[in-house]
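Only one structure is covered here, and it is reproduced in the block below.
Note that these values count all heavy atoms, side chains included, but never hydrogens, waters or copies made by symmetry. Atoms within each ligand, like the ligands themselves, are counted from 1 in listed order.
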Amino acid sequence: MAEKTIKKMDKEKKLNYRDMSICDATVNMLEKANREGCETAFDRAANMKACPIGADSACCKHCSMGPCRLNAKDPYGKVGVCGATIDTIQARNFGRMVAAGGAAHTDHGMAMLDLFRDVVQGKIKEYTIKDVDKLEAVAQSIGIETEGRTVEEISTDLYQQLESTYTAVDGEIPFAKRVPEKTLELWRKHNMVPRGAMREIMEMMHRTHMGVDQHYENLTEQITRTALADGWGGSMVATEISDILYGTPTPVSVDVNMGVLKEDHVNVIVHGHEPNMFESMMMSVSDPGLVQAAKDAGAKGINLVGMCCSGAEMMGRHGIPHAGNFMSTEAILVTGAVDVMCVDIQCIQQALAKVADCYDTPLITTNPRCRIEGATHIPFHDHHARKCTDEVVIKAVSRFKNRTKEIDIPNIRNVGIHGFSYEYINYMLGGTFRGSYTPLNDNIINGRIRGVAGVVGCTNPRVKQDWLHVELVKELIKNDVLVLQTGCSQVALAKAGMLTPEAAHLAGPGLSEVCETVGMPPVLGLGSCVDNSRILIAASEMVRVGGLGTSIADLPVAGAAPEYMSEKAICIGQYFVGSGVYTVFGVTFPTVEGTKFHNHLFDGLEKQGFGKWGFSNDPHEMAQMMIAHIDKKRKALGLDKARERVLMDMADRQKLAEA
Ligand code: NFS
Ligand code: SF4
């Protein structure tokens, strides 16, 4: 079937991959794949028009009286067989996306917590608690006494409390204690403070079943509550536990892009989302016996490389090179140089199996939650982690020895600084002895920094890969907006060379001055998608430090996922909106413009005191929307005057120079 599609495509229209990505390495590999008759998601996206009814979320298949299709051009002209209106249908669909996305993050977080428990109870020896400072800080943040207590005592308490993030049938999740008082008050008023994620996701699924919740506003409250159970729950636990077990990231210089592959090495790629297997793989690739095996096979060594979110996490934490983001995962196999691609969960395209097969690369699945037809499954268990990862490396060595495919590695590497945790930003701005966010707030108040934007999320073959990310971020920093990044977006900007202190010259005068003083890039990479929780913590700290209002909704901040594709991204967007942040998405948005549900997300929520959604497919317009919002917040805080003064100083200086 696949070959047929390619032939048909060739006859009908010649695809220009240059129009589909600004990543040269990816484009080169897509062209090579095309020459060699191997199809990728870019080809399929060009040949398969997205279903317009589904894109508008104007259909429902929640029961067999349907599926029912409504008309986006006349959204109130028709209802489903049961009478469900367009608003009910869209809200239910949206709720299920949030439930699925939140489930992905919380199931990942819960797996991390299982591992933590077994480490604390001494059942696992492969991993230990690496960052005791972080352990104590996290424990203190939720009211656990640390003074004079052993690591074991603190960890045991922490485990017990954090478990309720998932399982609590009642009450409030532990990290609700980190939420600024006024934001929390708003949630309480709307009965939105999450209980355990399991409960919230279950209720979300229940309420979106046929014939249950049929009021879009009421549904939206549960949608937000479910999303918050991810952001301040599942994801935040995943981040904090990973830091405790593997170390809190600090800035490190890392090479990114396909040029990190080495022709004369055994190349091992890990792609996915959980650090456990990756950490174990780090040990396997430096095992003297396995390194010797690689050398015996004629290789100079073993080269471990990350992709997607687990890659983003590992480059910040350990400086492991990163080969590319989501839309490069097929393309990298086309190099012929990948001796094994080892995956765990999430964002693993099924098509990898086919492409891997074309290029004789073993595709290894490791997690019982994610198996792929045609891939080899080598189960990974925390209790004997090395068993799996050693076996994967052995497979890679054998593939290296028997390489049959021509090797073509795009010689592109972009160096950048990654690993800006919430804690490091504290230290970077305030120094060891008085680490604090005060200097950040001060620079926002005096207008050098106009505001802060989180730019995150996927890449998507329906838009030009990386282009929206890069254009948006360039425009933001040019306007003195400090950018925080995670996931595939961070990798896009790293490939564009923007995660370097030198990129400060592309920033506006205020931001570049701050960057030069501190020696930091104008674009800070915080890690993987679960690490978006670091942005929430940073926002809370900005509120706590003072001078920028009393809730997250008061802050001059905004968020964006310009090339999103996954349900996880929708969930992340909703928890940012629920936390008080204006959040802009690109590509497509699953609502019909002008409907009540759409207006509620894009306007009504803000009137209630939350953040709100925005949409644009033009990165420059997107930047302007975010900047206008930041300026609106500055004005409400009375900071517009300060900002004008900085601009006048600039103008004055120019006038002086001209004179
Ligand atoms: Ni997050 Fe999207 Fe996937 Fe990571 Fe990349 S595609 S929502 S950025 S790897 S999760
Ligand atoms: Fe149609 Fe209602 Fe059934 Fe949905 S729940 S498929 S709108 S009848």
Hey, is R92 touching ligand 2 through its side chain, its backbone, both or neither, going by heavy atoms under 4.0 Å?
-> side chain
Candidate list D24, T26, I412, test side chain to side chain contact (heavy atoms under 4.5 Å, CB included), partner M258, passing option = T26
Is there a side-chain hydrogen bond (donor to acceptor under 3.5 Å, both in side chains) between T239 and D531 once you walk through the steps?
-> CA-CA 6 Å; T239 294; D531 294 331; 2.8 Å; yes
So, N325 side chain and S489 main chain: donor-acceptor pair closer than 3.5 Å or not?
-> no
Taking the minimum heavy-atom distance to atom 1 (Fe) of ligand 2, which of G66, G80, A84, C68 ranks first?
-> C68
Numbered in order shown, the ligand 2 atoms found under 4.0 Å of a heavy atom of M210 are 5 (S)
Of the choices C59, C60, C82, which has the non-hydrogen atom that lies closest to atom 6 (S) of ligand 2?
-> C60
Pull out every atom of ligand 1 sitting under 4.0 Å from any heavy atom of H273, numbered as shown with elements.
-> 3 (Fe), 4 (Fe), 9 (S), 10 (S)
Contacting atoms of ligand 1, where contact means under 4.0 angstrom from a heavy atom of F326 = 6 (S)
Without swapping roles, check the side chain of T106 against the backbone of A197 for a donor-acceptor pair under 3.5 Å.
-> no
Could you label the plane-to-plane angle of the F589 and F94 rings as parallel, tilted or perpendicular, counting under 30° as parallel and over 60° as perpendicular?
-> tilted
So does C458 have any N/O/S atom less than 2.8 Å away from atom 2 (Fe) of ligand 1?
-> yes
Ligand 1 contacted by K568 (non-hydrogen, < 4.0 Å) = yes
Heavy atom of the protein closest to atom 1 (Ni) of ligand 1 (residue, atom name, distance) | C529 SG, 2.2 Å
Heavy-atom donor-acceptor pair, N71 side chain to K73 backbone, under 3.5 Å = yes
How far is atom 4 (Fe) of ligand 1 from its nearest protein heavy atom, and which residue and atom name does that atom have?
-> C309 SG, 2.3 Å
Atom indices of ligand 1 within 4.0 angstrom of C347 heavy atoms, with elements | 3 (Fe), 6 (S), 9 (S), 10 (S)
Expected output: side-chain Q222 to main-chain E200 donor-acceptor under 3.5 Å = yes
Considering only non-hydrogen protein atoms, determine which one is nearest to atom 5 (Fe) of ligand 1 and report residue, atom name and distance to 0.1 Å.
-> C488 SG, 2.2 Å
Protein contact to atom 3 (Fe) of ligand 2 [nearest heavy atom, distance to 0.1 Å] | C63 SG, 2.3 Å
For S566, the ligand 1 atoms with a heavy-atom partner under 4.0 Å come out as 2 (Fe), 7 (S)
Counting only N and O atoms by type, is there a donor-acceptor contact under 3.5 Å from the side chain of H62 to the main-chain atoms of M210?
-> no
Flag this pair as yes if the NZ/CZ of K612 is under 6.0 angstrom from the six-membered ring centre of Y582 and inside a 45 degree cone about the axis; otherwise no.
-> yes
Would you say the side-chain atoms of H469 pair up with the backbone N or O of C458, donor to acceptor, closer than 3.5 Å?
-> yes
Heavy atom of M565, distance to ligand 1 below 4.0 Å = yes
